[in-house]
Visitor: 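This is the structure I have questions about; it appears just below.
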Amino acid sequence: MNSNNQPIGIFDSGVGGTSIWSAVHDLLPNEQTIYLADSKNAPYGQKPKEDIIALSIKNTEYLLDLNCKLIVVACNTATTNAIQELRKRYTVPFIGIEPAIKPAVTHSKTQVIGILATQGTLNSDLFHSTVAKYQNTKIIEQVGHGLVPLIESGAMNSPEMTALLLSYLTPMIAANIDYLVLGCSHYPYLIPQIKKILPAHIQIIDSGQAVARQTQFVLQEKVGLSDLHEPEPIFYTNTNPRVLQEIIGAPFKVSAKDF
Ligand code: DGL
């Protein structure tokens with residue numbers, strides 16, 4: 001496979017997909033990445049499927065205009081509701097992110113696992129068809145109402161966040177889960193707080209590393225890897241850049257754009 005120095009495009013409804021960007025960037029530091037935070041339209045999780053598809057098309061076209069060679073849909077809600085439509089419309093490869101149910105079910109000893117995700121993900125056909133494969137394990141589904149807006153507004157460590165997490169996780173602990181699947185790319189930023197609530201034997205799983213490995217595989221096999229040397233990642237947001245800038249930290253720079 002020849003090298004290909006076009007950028008990788010990554011989008012999410014907001015700042016959360018940077019948890020995926022970070023895994024991709026760590027594994028593939030020589031790839032030029034362009035990250036779009038569609039925070040103006042966050043949260044996607046409560047929107048109807050047609051709106052999630054329309055927003056995903058808008059983000060994809062912006063990234064394609066920037067000459068991206070592959071697109072990572074760094075949002076479970078957009079993946080489970082829109083990736084099939086995106087793949088029908090565009091020839092560029094798409095890597096999606098879905099809740100990591102399979103590893104949790106495979107390793108669970110109590111045969112009870114919990115999943116925290118958006119309403120849009122838990123209601124999607126793709127999620128239902130995944131869950132239907134695992135009849136022998138009890139899967140406790142919980143919508144993370146309110147979590148994404150708090151993260152987007154910079155209130156990640158607020159007392160409101162602690163109260164919401166306690167209310168969502170306490171029933172799962174009582175039901176004897178031994179795995180908690182984080183089914184939203186915003187939630188890995190809550191892991192330090194979640195760990196304070198969960199007993200130590202409960203494992204937390206997210207999908208960032210798996211997405212990064214799949215991205216690497218598709219680049220190697222189909223698209224071509226970059227031979228640039230550690231290019232500067234690009235971050236665009238369509239709201240005030242403050243929260244995204246805080247999350248990614250220096251030395252990276254966020255620019256405001258209208259998309
Ligand atoms: N980060 C997104 C996800 O992975 C969506 C959160 C939202 O906008 O509701 O589902």
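Whatever order the structure lists them in is the order used to number ligands and atoms, beginning at 1.
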Visitor: Check whether the ring centres of Trp21 and Phe252 lie less than 6.0 Å apart, and answer yes or no.
Guide: yes
Visitor: How about Lys40: does its NZ atom have over 12 heavy atoms from other parts shown lying under 6.0 Å from it?
Guide: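 Above 12, so yes.
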Visitor: Could you list each nitrogen or oxygen of ligand 1 that sits under 3.5 Å from a protein nitrogen or oxygen, with the atom names and the distance?
Guide:
{"from": "ligand 1", "atom 1": "1 (N)", "to": "Asp12", "atom 2": "OD1", "distance (Å)": "3.0"}
{"from": "ligand 1", "atom 1": "1 (N)", "to": "Ser185", "atom 2": "OG", "distance (Å)": "2.9"}
{"from": "ligand 1", "atom 1": "1 (N)", "to": "His186", "atom 2": "ND1", "distance (Å)": "2.7"}
{"from": "ligand 1", "atom 1": "4 (O)", "to": "Asn76", "atom 2": "N", "distance (Å)": "2.8"}
{"from": "ligand 1", "atom 1": "4 (O)", "to": "Asn76", "atom 2": "ND2", "distance (Å)": "3.1"}
{"from": "ligand 1", "atom 1": "4 (O)", "to": "Ser185", "atom 2": "N", "distance (Å)": "2.8"}
{"from": "ligand 1", "atom 1": "4 (O)", "to": "Ser185", "atom 2": "OG", "distance (Å)": "3.2"}
{"from": "ligand 1", "atom 1": "8 (O)", "to": "Ser13", "atom 2": "OG", "distance (Å)": "2.6"}
{"from": "ligand 1", "atom 1": "8 (O)", "to": "Tyr44", "atom 2": "N", "distance (Å)": "2.6"}
{"from": "ligand 1", "atom 1": "9 (O)", "to": "Tyr44", "atom 2": "N", "distance (Å)": "3.3"}
{"from": "ligand 1", "atom 1": "9 (O)", "to": "Gly45", "atom 2": "N", "distance (Å)": "2.8"}
{"from": "ligand 1", "atom 1": "10 (O)", "to": "Asn76", "atom 2": "N", "distance (Å)": "3.4"}
{"from": "ligand 1", "atom 1": "10 (O)", "to": "Thr77", "atom 2": "N", "distance (Å)": "3.1"}
{"from": "ligand 1", "atom 1": "10 (O)", "to": "Thr77", "atom 2": "OG1", "distance (Å)": "2.6"}

Visitor: Assess whether a salt bridge exists between Lys69 and Glu31, defined as any Lys/Arg side-chain N lying under 4.0 Å from an Asp/Glu carboxylate O.
Guide: yes
Visitor: Do the side chain of Ser185 and the main chain of Ala74 share a donor and acceptor less than 3.5 angstrom apart?
Guide: yes
Visitor: Is it the case that the side chains of Ser39 and Glu152 hold a donor-acceptor pair, with the cut-off being a distance below 3.5 Å and no angle test?
Guide: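 Checked: Glu152/Ser39 side chains pair up, N/O donor to acceptor below 3.5 Å.
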Visitor: Determine yes or no for a side-chain-to-main-chain donor-acceptor pair under 3.5 angstrom, with Asp178 supplying the side chain and Lys109 the backbone.
Guide: yes
